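Have a look at the structure below before the remarks.
Just so it is clear, the structure is predicted and the values come from calculations on it, not from any experiment.
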Amino acid sequence: MTPHFSKILFCTDFSENAGFAFGFACKAAASNPGAAFTLLHVIPEPDAQFWKGYIYEVGDMDAKARADIDERVEAYRSRLPPGIDLNIEMRIGDPARAILEYAEAESVDLIVLGRQGHRPFAQWLLGNVAGKVAQKALCPVLIVPMDAKRQ
């Protein structure tokens, strides 16, 4: 028996792999008529105290940053299958924590996100958002590796 997902969360950092994973998220939304389909972008907050004073609240982002994000979101909207609506959510903070908090607060049924690949140094330096989400999520998580594009 195939589960029905009523709330699907697609998480993006606007990378090429996230764009590829969006196709899987659209397929999940199309396969679950009436499901709420949400795009979540988390703006990472630097850990260094020096930079904390320069972080904007999402509602107060400068016009250029807002226009850049809006342009990227529109690229996703243009790829939506007919009949699918996309809700947009933005957060500031640690990406894995923000994704997990949003998913729990909204009772998300499925989280879809991309994985960048096998770069040990990058994973050590930046952490592995997909891995952290998969370990702690209370719902199914679909992690789409960039390698899937090559098959």
Side-chain angles (χ1 to χ4, degrees), residues 3 5-29 32 34-80 84-149:
F5 300 113
S6 60
K7 293 183 179 182
I8 299 168
L9 178 62
F10 167 67
C11 307
T12 183
D13 59 0
F14 300 118
S15 65
E16 179 185 2
N17 193 42
F20 178 60
F22 185 68
F24 287 82
C26 285
K27 191 173 278 190
N32 292 275
F37 186 28
T38 302
L39 176 151
L40 174 63
H41 174 62
V42 180
I43 301 166
E45 183 177 24
D47 292 333
Q49 187 64 35
F50 176 79
W51 291 107
K52 289 194 185 271
Y54 291 94
I55 299 298
Y56 297 98
E57 292 298 320
V58 173
D60 297 325
M61 282 190 294
D62 68 326
K64 180 175 178 354
R66 182 175 297 281
D68 183 48
I69 289 173
D70 288 346
E71 182 179 316
R72 292 172 181 218
V73 167
E74 274 312 305
Y76 283 118
R77 282 193 197 277
S78 69
R79 296 175 50 201
L80 282 172
I84 304 290
D85 292 324
L86 186 64
N87 306 308
I88 308 299
E89 292 289 336
M90 302 284 172
R91 298 290 186 273
I92 294 175
D94 174 75
R97 183 178 305 132
I99 291 166
L100 292 165
E101 287 173 356
Y102 181 87
E104 186 173 350
E106 296 298 320
S107 301
V108 167
D109 298 318
L110 175 67
I111 300 171
V112 180
L113 67 165
R115 181 178 54 110
Q116 291 301 328
H118 304 289
R119 289 180 227 137
F121 180 73
Q123 286 185 1
W124 172 79
L125 182 64
L126 303 172
N128 181 339
V129 173
K132 290 175 185 175
V133 170
Q135 284 181 337
K136 297 183 179 179
L138 301 176
C139 66
V141 178
L142 174 59
I143 299 173
V144 182
M146 197 63 181
D147 294 342
K149 191 173 187 176

Distance-only, no hydrogens or angles: does the Asn32 side chain make a donor-acceptor pair with backbone N or O of Ala35 under 3.5 Å? no

Between Arg91 (side chain) and Leu40 (backbone), is there a donor-acceptor pair under 3.5 Å?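 Not at all, since once roles are kept as given, no pair shorter than 3.5 Å links the two residues.
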
Of all the heavy-atom pairs spanning [X] and [Y], show the shortest one and how long it is.
X      : Y      : value
Gly93  : Val42  : O-CG1, 3.6 Å
Gly114 : Ala130 : O-CB, 4.1 Å
Thr12  : Ala18  : OG1-CB, 3.3 Å
Val129 : Pro95  : CG2-CB, 3.9 Å
Gly23  : Arg79  : N-NH2, 3.7 Å

The criterion is side chain to side chain donor-acceptor pair (under 3.5 Å); which residues satisfy it with Glu71, sequence neighbours excluded? none

Are any of the side-chain heavy atoms of [X] and [Y] separated by less than 4.5 Å?
X      : Y      : value
Ile88  : Met90  : yes
Pro140 : Leu110 : yes
Phe10  : Cys26  : no

Give a yes-or-no answer on whether the side chains of Asn17 and Ser15 include a donor-acceptor pair shorter than 3.5 Å. no

For Asp85, is the CG atom crowded, meaning more than 12 foreign heavy atoms sit under 6.0 Å from it?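 Result for CG/Asp85: open.
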
Table please: side-chain donor-acceptor pairs of residues 98-107 below 3.5 Å, with sequence neighbours left out.
none

Rounded to the nearest 0.5 Å, what separates atom [atom1] in [X] from atom [atom2] in [Y]?
X      : Y      : atom1 : atom2 : value
Asp70  : Arg77  : CG    : CZ    : 9.0 Å
Lys132 : Gln135 : NZ    : CD    : 9.5 Å
Phe22  : Leu86  : CZ    : CG    : 5.5 Å
Leu80  : Leu39  : CG    : CG    : 9.5 Å
Thr38  : Ile111 : OG1   : CD1   : 11.5 Å

For the residue pair Phe14 and His41, does the interplanar ring angle fall in the parallel (under 30°), tilted (30 to 60°) or perpendicular (over 60°) class? tilted

Does the pair Ile43 and Ile69 meet the rule for a side-chain contact (heavy atoms from CB on, under 4.5 Å), with working shown? CA-CA 10 Å; Ile43 301 166; Ile69 289 173; 4.1 Å; yes

Check against side-chain contact (heavy atoms from CB on, under 4.5 Å), Val144 and Leu113: CA-CA 6 Å; Val144 182; Leu113 67 165; over 6 Å; no

